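The next block holds one structure in the form of C-alpha coordinates; read it before the comments.
Worth saying up front: this structure is predicted, and the values here are computed from it rather than measured.
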Amino acid sequence: MEKNMEINFKYLERRIIDTLENTDLEFINYELSKLDGATIVSGVGGSSVVSQFAERVFNKKNNIITANFEPRDFLYRNINGFKNVIACSYSGSNYGVDLSFNNDLEKYLLSNNSFDRDDITYLKYNTTIDRERSFISLGATLVPISILYYYYLDRKNFIDENTAIASSNYNFSISDVYEIFTGYDTSVSSKYLESTLVESGLGIPVIHDKYSYCHGRSTLSINYENTAVYFNKNTEFDRVMLSELPNYYKDIIVLDSIYDDDIKSDYEMLIKSMYLTKYIAEQKEKDLSKIEYSPIVKKLYKYNGQI
(Lines give C-alpha, C1' and ligand atoms only; values in the text may rest on other atoms or scores of the structure.)
Protein backbone atom coordinates (compact mmCIF):
# COMPACT_ATOMS: atom_id res chain seq x y z
CA MET A 1 0.00 0.00 0.00
CA GLU A 2 1.28 3.48 -0.86
CA LYS A 3 2.97 5.49 1.88
CA ASN A 4 0.46 8.33 1.93
CA MET A 5 -1.47 10.05 4.73
CA GLU A 6 -4.72 10.39 2.78
CA ILE A 7 -4.74 6.69 1.93
CA ASN A 8 -3.99 5.66 5.50
CA PHE A 9 -6.82 7.80 6.88
CA LYS A 10 -9.13 6.46 4.18
CA TYR A 11 -8.31 2.89 5.25
CA LEU A 12 -8.49 3.55 8.99
CA GLU A 13 -12.09 2.47 9.55
CA ARG A 14 -11.69 -0.41 7.11
CA ARG A 15 -8.65 -1.70 9.01
CA ILE A 16 -10.58 -1.74 12.29
CA ILE A 17 -13.55 -3.60 10.82
CA ASP A 18 -11.29 -6.07 9.01
CA THR A 19 -9.30 -6.84 12.17
CA LEU A 20 -12.41 -7.31 14.27
CA GLU A 21 -13.72 -9.76 11.69
CA ASN A 22 -10.48 -11.77 11.38
CA THR A 23 -9.32 -11.92 15.00
CA ASP A 24 -10.24 -14.53 17.59
CA LEU A 25 -11.93 -11.99 19.82
CA GLU A 26 -13.47 -14.62 22.03
CA PHE A 27 -10.05 -15.99 22.94
CA ILE A 28 -8.68 -12.52 23.67
CA ASN A 29 -11.74 -11.61 25.73
CA TYR A 30 -11.51 -14.84 27.69
CA GLU A 31 -7.84 -14.31 28.51
CA LEU A 32 -8.35 -10.67 29.46
CA SER A 33 -11.38 -11.48 31.60
CA LYS A 34 -9.18 -13.77 33.73
CA LEU A 35 -6.79 -10.96 34.61
CA ASP A 36 -6.68 -10.40 38.34
CA GLY A 37 -4.07 -8.92 40.61
CA ALA A 38 -2.01 -5.80 39.98
CA THR A 39 -1.09 -5.50 36.31
CA ILE A 40 1.54 -3.52 34.42
CA VAL A 41 0.86 -2.53 30.82
CA SER A 42 3.77 -1.36 28.69
CA GLY A 43 4.37 0.18 25.29
CA VAL A 44 6.65 2.63 23.52
CA GLY A 45 5.95 5.24 20.83
CA GLY A 46 2.51 4.73 19.30
CA SER A 47 2.11 1.61 21.41
CA SER A 48 2.36 3.69 24.58
CA VAL A 49 -1.02 5.11 23.53
CA VAL A 50 -2.31 1.54 23.32
CA SER A 51 -0.89 0.65 26.73
CA GLN A 52 -2.45 3.75 28.28
CA PHE A 53 -5.86 2.72 26.95
CA ALA A 54 -5.31 -0.86 28.16
CA GLU A 55 -4.35 0.40 31.63
CA ARG A 56 -7.63 2.33 31.80
CA VAL A 57 -9.77 -0.55 30.49
CA PHE A 58 -8.37 -3.19 32.85
CA ASN A 59 -8.61 -0.88 35.83
CA LYS A 60 -12.28 -0.18 35.16
CA LYS A 61 -13.53 -3.48 33.71
CA ASN A 62 -11.45 -5.94 35.75
CA ASN A 63 -11.41 -3.82 38.92
CA ILE A 64 -7.68 -4.33 39.38
CA ILE A 65 -4.74 -2.07 40.16
CA THR A 66 -2.99 -1.12 36.91
CA ALA A 67 0.05 0.91 35.91
CA ASN A 68 1.27 2.05 32.51
CA PHE A 69 5.07 1.71 32.16
CA GLU A 70 7.54 2.90 29.60
CA PRO A 71 9.85 -0.10 28.95
CA ARG A 72 12.82 1.59 30.63
CA ASP A 73 10.76 1.95 33.83
CA PHE A 74 11.24 -1.75 34.51
CA LEU A 75 14.90 -1.08 35.28
CA TYR A 76 14.15 1.53 37.93
CA ARG A 77 10.70 0.92 39.41
CA ASN A 78 9.84 -1.62 42.08
CA ILE A 79 7.53 -4.20 40.50
CA ASN A 80 7.09 -6.27 43.66
CA GLY A 81 3.36 -6.63 44.28
CA PHE A 82 2.49 -6.83 40.58
CA LYS A 83 1.25 -10.12 39.17
CA ASN A 84 0.97 -9.57 35.40
CA VAL A 85 2.67 -7.64 32.62
CA ILE A 86 1.07 -6.98 29.22
CA ALA A 87 3.35 -5.65 26.48
CA CYS A 88 1.71 -3.79 23.59
CA SER A 89 3.69 -3.83 20.36
CA TYR A 90 2.60 -4.11 16.73
CA SER A 91 5.68 -6.15 15.78
CA GLY A 92 6.07 -7.79 19.18
CA SER A 93 9.83 -7.95 18.67
CA ASN A 94 11.33 -4.65 19.81
CA TYR A 95 13.75 -4.13 22.69
CA GLY A 96 10.96 -2.59 24.77
CA VAL A 97 9.16 -5.95 24.81
CA ASP A 98 12.37 -7.65 25.98
CA LEU A 99 12.68 -5.15 28.84
CA SER A 100 9.04 -5.63 29.79
CA PHE A 101 9.41 -9.40 29.94
CA ASN A 102 12.72 -9.60 31.82
CA ASN A 103 11.00 -10.56 35.09
CA ASP A 104 8.96 -13.31 36.73
CA LEU A 105 5.51 -11.78 36.14
CA GLU A 106 2.77 -13.52 34.16
CA LYS A 107 3.40 -12.35 30.59
CA TYR A 108 0.97 -11.34 27.82
CA LEU A 109 1.71 -9.86 24.40
CA LEU A 110 -0.90 -7.81 22.53
CA SER A 111 0.48 -7.78 19.02
CA ASN A 112 0.00 -8.48 15.33
CA ASN A 113 2.57 -11.28 15.76
CA SER A 114 3.15 -14.29 17.94
CA PHE A 115 6.24 -16.38 18.59
CA ASP A 116 7.02 -19.68 20.29
CA ARG A 117 7.73 -18.80 23.91
CA ASP A 118 5.73 -21.03 26.24
CA ASP A 119 5.78 -18.46 29.05
CA ILE A 120 3.84 -15.83 27.06
CA THR A 121 0.11 -15.69 26.36
CA TYR A 122 -0.25 -14.24 22.86
CA LEU A 123 -3.18 -11.91 22.31
CA LYS A 124 -2.78 -11.82 18.54
CA TYR A 125 -4.92 -9.74 16.21
CA ASN A 126 -5.11 -10.44 12.48
CA THR A 127 -5.84 -8.43 9.35
CA THR A 128 -6.25 -9.26 5.66
CA ILE A 129 -5.45 -5.72 4.49
CA ASP A 130 -1.93 -4.83 3.37
CA ARG A 131 0.37 -3.61 6.12
CA GLU A 132 0.15 0.10 6.84
CA ARG A 133 3.15 2.00 5.51
CA SER A 134 3.44 5.15 7.56
CA PHE A 135 5.82 7.02 9.86
CA ILE A 136 2.91 7.88 12.18
CA SER A 137 1.14 4.53 12.54
CA LEU A 138 -2.56 5.29 12.73
CA GLY A 139 -3.81 1.75 12.27
CA ALA A 140 -1.10 0.21 14.45
CA THR A 141 -2.38 2.44 17.25
CA LEU A 142 -6.14 2.45 16.72
CA VAL A 143 -6.56 -1.23 15.73
CA PRO A 144 -5.29 -2.75 19.02
CA ILE A 145 -7.12 -0.02 20.94
CA SER A 146 -10.29 -1.09 19.14
CA ILE A 147 -9.63 -4.71 20.16
CA LEU A 148 -9.46 -3.51 23.77
CA TYR A 149 -12.55 -1.36 23.25
CA TYR A 150 -14.40 -4.43 22.01
CA TYR A 151 -13.38 -6.22 25.20
CA TYR A 152 -14.65 -3.28 27.26
CA LEU A 153 -18.01 -3.11 25.43
CA ASP A 154 -18.28 -6.80 24.47
CA ARG A 155 -19.73 -5.85 21.08
CA LYS A 156 -18.49 -4.86 17.61
CA ASN A 157 -21.02 -2.30 16.45
CA PHE A 158 -19.33 0.65 18.15
CA ILE A 159 -17.98 1.89 14.81
CA ASP A 160 -21.49 2.24 13.40
CA GLU A 161 -22.56 4.40 16.34
CA ASN A 162 -19.37 6.40 16.63
CA THR A 163 -19.66 9.26 14.18
CA ALA A 164 -16.22 10.51 15.18
CA ILE A 165 -14.66 7.90 12.88
CA ALA A 166 -15.58 10.28 10.07
CA SER A 167 -13.34 13.28 9.56
CA SER A 168 -13.87 16.10 12.04
CA ASN A 169 -13.87 19.66 10.70
CA TYR A 170 -11.28 22.10 12.03
CA ASN A 171 -10.59 25.71 11.14
CA PHE A 172 -7.86 27.58 13.00
CA SER A 173 -4.52 29.22 12.33
CA ILE A 174 -1.49 27.02 12.83
CA SER A 175 0.79 27.52 15.85
CA ASP A 176 4.23 26.38 16.87
CA VAL A 177 3.13 25.60 20.45
CA TYR A 178 -0.02 23.77 21.55
CA GLU A 179 -1.02 23.79 25.21
CA ILE A 180 -3.10 20.65 25.80
CA PHE A 181 -5.62 20.60 28.67
CA THR A 182 -6.29 17.07 29.83
CA GLY A 183 -6.37 14.64 32.75
CA TYR A 184 -6.55 10.93 33.46
CA ASP A 185 -10.02 10.77 31.88
CA THR A 186 -8.62 11.90 28.50
CA SER A 187 -5.07 10.60 28.93
CA VAL A 188 -5.17 8.33 25.87
CA SER A 189 -6.21 11.13 23.51
CA SER A 190 -3.69 13.60 24.88
CA LYS A 191 -0.88 11.01 24.81
CA TYR A 192 -1.54 10.39 21.11
CA LEU A 193 -1.64 14.13 20.41
CA GLU A 194 1.58 14.83 22.33
CA SER A 195 3.42 11.90 20.76
CA THR A 196 2.34 12.71 17.21
CA LEU A 197 3.12 16.43 17.40
CA VAL A 198 6.63 15.59 18.59
CA GLU A 199 7.36 12.63 16.31
CA SER A 200 6.10 14.42 13.20
CA GLY A 201 7.65 17.79 14.06
CA LEU A 202 4.26 19.49 13.64
CA GLY A 203 4.52 21.53 16.82
CA ILE A 204 5.60 21.74 20.43
CA PRO A 205 3.06 20.25 22.86
CA VAL A 206 2.74 21.36 26.47
CA ILE A 207 0.59 19.03 28.59
CA HIS A 208 -1.47 20.61 31.37
CA ASP A 209 -3.42 18.65 33.93
CA LYS A 210 -6.54 20.80 34.12
CA TYR A 211 -6.44 21.34 37.86
CA SER A 212 -2.67 21.87 37.97
CA TYR A 213 -3.21 24.70 35.50
CA CYS A 214 -4.93 26.57 38.32
CA HIS A 215 -1.74 26.53 40.39
CA GLY A 216 0.83 28.43 38.35
CA ARG A 217 0.90 26.85 34.92
CA SER A 218 -1.27 29.66 33.51
CA THR A 219 1.80 31.94 33.53
CA LEU A 220 2.89 30.51 30.17
CA SER A 221 -0.12 31.99 28.38
CA ILE A 222 0.70 35.61 29.29
CA ASN A 223 4.25 35.31 27.95
CA TYR A 224 3.63 33.50 24.67
CA GLU A 225 0.91 33.52 22.03
CA ASN A 226 0.00 29.85 21.86
CA THR A 227 -2.98 27.73 20.84
CA ALA A 228 -4.96 25.76 23.43
CA VAL A 229 -6.36 22.28 22.82
CA TYR A 230 -9.05 21.54 25.37
CA PHE A 231 -10.56 18.09 26.01
CA ASN A 232 -14.03 19.08 27.16
CA LYS A 233 -16.10 16.86 29.46
CA ASN A 234 -18.63 19.66 30.02
CA THR A 235 -18.13 19.79 33.78
CA GLU A 236 -18.65 22.98 35.77
CA PHE A 237 -14.88 23.41 35.82
CA ASP A 238 -14.67 22.94 32.04
CA ARG A 239 -17.31 25.63 31.53
CA VAL A 240 -15.37 28.07 33.72
CA MET A 241 -12.12 27.32 31.90
CA LEU A 242 -13.65 27.65 28.45
CA SER A 243 -15.16 31.01 29.37
CA GLU A 244 -11.75 32.33 30.50
CA LEU A 245 -9.19 30.78 28.20
CA PRO A 246 -10.15 32.75 25.04
CA ASN A 247 -8.75 35.85 26.77
CA TYR A 248 -5.28 34.31 26.85
CA TYR A 249 -4.91 32.20 23.69
CA LYS A 250 -5.09 33.07 20.03
CA ASP A 251 -7.22 29.98 19.35
CA ILE A 252 -9.06 27.43 21.48
CA ILE A 253 -9.56 24.02 19.87
CA VAL A 254 -12.29 22.22 21.81
CA LEU A 255 -12.67 18.46 21.54
CA ASP A 256 -16.07 17.35 22.84
CA SER A 257 -17.53 13.92 23.48
CA ILE A 258 -21.10 12.68 23.30
CA TYR A 259 -20.43 10.07 26.01
CA ASP A 260 -20.60 10.21 29.80
CA ASP A 261 -18.53 7.03 30.10
CA ASP A 262 -14.85 8.04 30.33
CA ILE A 263 -13.58 5.07 28.32
CA LYS A 264 -16.04 5.70 25.51
CA SER A 265 -15.29 9.41 25.44
CA ASP A 266 -11.52 8.85 25.39
CA TYR A 267 -11.90 6.49 22.40
CA GLU A 268 -14.01 9.07 20.58
CA MET A 269 -11.63 11.93 21.40
CA LEU A 270 -8.66 9.83 20.27
CA ILE A 271 -10.15 9.61 16.79
CA LYS A 272 -10.87 13.32 16.80
CA SER A 273 -7.26 13.92 17.85
CA MET A 274 -6.06 11.87 14.90
CA TYR A 275 -8.02 14.06 12.51
CA LEU A 276 -6.75 17.13 14.33
CA THR A 277 -3.17 16.12 13.56
CA LYS A 278 -4.21 15.46 9.96
CA TYR A 279 -5.54 19.02 9.71
CA ILE A 280 -2.35 20.51 11.18
CA ALA A 281 -0.23 18.40 8.82
CA GLU A 282 -2.26 19.55 5.81
CA GLN A 283 -1.94 23.20 6.82
CA LYS A 284 1.83 22.74 7.18
CA GLU A 285 1.95 20.82 3.90
CA LYS A 286 3.37 17.74 5.58
CA ASP A 287 2.42 14.09 5.23
CA LEU A 288 2.21 12.14 8.50
CA SER A 289 3.08 8.98 6.58
CA LYS A 290 6.27 10.40 5.07
CA ILE A 291 7.90 12.46 7.80
CA GLU A 292 11.52 13.50 7.29
CA TYR A 293 13.01 12.17 10.50
CA SER A 294 16.24 13.09 12.23
CA PRO A 295 19.42 11.26 11.13
CA ILE A 296 19.93 10.24 14.77
CA VAL A 297 17.11 7.69 14.28
CA LYS A 298 19.54 5.45 12.36
CA LYS A 299 21.63 5.09 15.52
CA LEU A 300 18.94 5.08 18.18
CA TYR A 301 15.85 3.27 16.85
CA LYS A 302 17.26 -0.24 17.15
CA TYR A 303 19.46 0.38 20.20
CA ASN A 304 19.42 -2.63 22.52
CA GLY A 305 22.40 -2.12 24.83
CA GLN A 306 22.62 -1.01 28.45
CA ILE A 307 19.88 1.52 29.06
Side-chain angles (χ1 to χ4, degrees), residues 5 8-9 12-13 15-16 19 32 39-60 66-73 85-92 94 96-97 99-100 108-112 123 125 132 134-152 158 162 164-165 168 178 180-203 205-207 209 229 231 255 257 262-278 280-281 288-289 291 301:
M5 179 175 70
N8 283 316
F9 269 95
L12 188 56
E13 181 175 352
R15 289 185 190 281
I16 297 169
T19 304
L32 294 181
T39 298
I40 299 170
V41 192
S42 181
V44 67
S47 290
S48 70
V49 184
V50 181
S51 62
Q52 180 63 30
F53 190 77
E55 186 267 348
R56 296 202 60 204
V57 167
F58 302 146
N59 176 255
K60 189 167 184 179
T66 54
N68 184 26
F69 276 30
E70 292 281 346
R72 188 172 176 271
D73 293 350
V85 56
I86 301 175
C88 303
S89 169
Y90 183 84
S91 69
N94 65 52
V97 175
L99 290 170
S100 301
Y108 300 79
L109 178 64
L110 178 63
S111 176
N112 190 235
L123 308 172
Y125 46 92
E132 178 183 27
S134 179
F135 185 86
I136 302 297
S137 300
L138 301 165
T141 298
L142 193 56
V143 164
I145 283 178
S146 297
I147 296 289
L148 294 164
Y149 194 48
Y150 170 81
Y151 167 65
Y152 179 71
F158 56 85
N162 195 331
I165 199 73
S168 299
Y178 296 88
I180 300 167
F181 293 78
T182 185
Y184 182 73
D185 52 327
T186 54
S187 55
V188 178
S189 307
S190 58
K191 181 177 279 287
Y192 164 81
L193 190 55
E194 185 270 344
S195 175
T196 301
L197 288 174
V198 171
E199 291 187 16
S200 63
L202 289 179
V206 178
I207 302 293
D209 175 85
V229 180
F231 290 98
L255 301 182
S257 174
D262 286 346
I263 303 293
K264 291 182 179 180
S265 65
D266 213 0
Y267 182 86
E268 179 188 16
M269 288 183 178
L270 170 61
I271 298 170
K272 289 185 175 182
S273 297
M274 288 182 165
Y275 281 98
L276 173 58
T277 56
K278 179 176 183 287
I280 296 172
L288 292 176
S289 296
I291 293 298
Y301 186 75

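In this structure, S89 contributes its side chain and G92 its backbone to a donor-acceptor pair below 3.5 Å. Remark: the backbone N or O of K191 is not paired with any side-chain donor or acceptor of S195 at under 3.5 angstrom. In this structure, E132 contributes its side chain and L138 its backbone to a donor-acceptor pair below 3.5 Å. A side-chain donor-acceptor contact under 3.5 Å links T196 to the backbone of Y192. Between the side chain of S134 and the main chain of I136, a donor-acceptor pair closer than 3.5 Å is present. At least one donor-acceptor pair closer than 3.5 Å links the side chain of S189 to the backbone N or O of D266. For the pair N112 (side chain) and Y90 (backbone), a donor-acceptor distance under 3.5 Å is absent. Listed for the S137 side chain is no donor-acceptor partner under 3.5 Å among the backbone atoms of T141. Not one N or O on the side chain of S42 forms a donor-acceptor pair closer than 3.5 Å with the backbone of S100. Formation of a donor-acceptor pair under 3.5 Å by the N59 side chain with backbone atoms of R56 is not found in this model.
Nearest heavy-atom pair, L12 versus M274, reported as atom, atom and distance to 0.1 Å: CD2-SD, 4.1 Å. Heavy-atom minimum distance, F53 versus I145: CE2-O, 3.5 Å. V50 approaches P144 most closely through the heavy-atom pair CG2-CG, 3.8 Å. Closest approach of L255 to M269, counting heavy atoms only: O-CE, 3.3 Å. Here the closest non-hydrogen pair linking I180 and S190 is CG2-CB, 4.0 Å. For the residue pair P205 and L197, the shortest heavy atom distance occurs at CB-CD1, 3.9 Å.
Residues L193 and F231 form a side-chain contact, since some pair of their non-hydrogen atoms from C-beta on lies under 4.5 Å apart. Looking only at side-chain heavy atoms (C-beta outward), T182 and D209 stay at 4.5 Å or farther from each other. A 4.5 Å side-chain heavy-atom check between V41 and F58 finds at least one atom pair inside the cut-off.
Put simply, OG1 on T277 and OH on Y178 are 10.5 Å apart, with the number rounded to the nearest 0.5 Å. Atom OG1 of T66 and atom CD of E55 lie 3.5 Å apart (nearest 0.5 Å). Interatomic distance, Y108 OH to C88 SG, rounded to the nearest 0.5 Å: 13.5 Å. For the atom pair CG of L32 and CG of L148, the computed distance is 7.0 Å after rounding to the nearest 0.5 Å. Here the CG atom belonging to L123 is positioned 10.0 Å from the CD1 atom belonging to I147, to the nearest 0.5 angstrom. How far OG of S273 is from NZ of K278: 15.0 Å, rounded to the nearest 0.5 Å.
Checked against the 6.0 Å centroid criterion, the rings of F9 and Y275 qualify as a close aromatic pair. Taking the centre of each ring, Y149 and F158 come in below the 6.0 Å mark.
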Output, in order, the C-alpha distance, side-chain angles, deciding distance and verdict of side chain to side chain contact (heavy atoms under 4.5 Å, CB included) for K272 and L276.
CA-CA 6 Å; K272 289 185 175 182; L276 173 58; over 6 Å; no
Is there a side chain to side chain contact (heavy atoms under 4.5 Å, CB included) between I40 and D73? Walk through the geometry before answering.
CA-CA 11 Å; I40 299 170; D73 293 350; over 6 Å; no
After noting the C-alpha distance and the side-chain angles of Y184 and Q52, does the key distance pass the side-chain hydrogen bond (donor to acceptor under 3.5 Å, both in side chains) rule?
CA-CA 10 Å; Y184 182 73; Q52 180 63 30; 5.2 Å; no
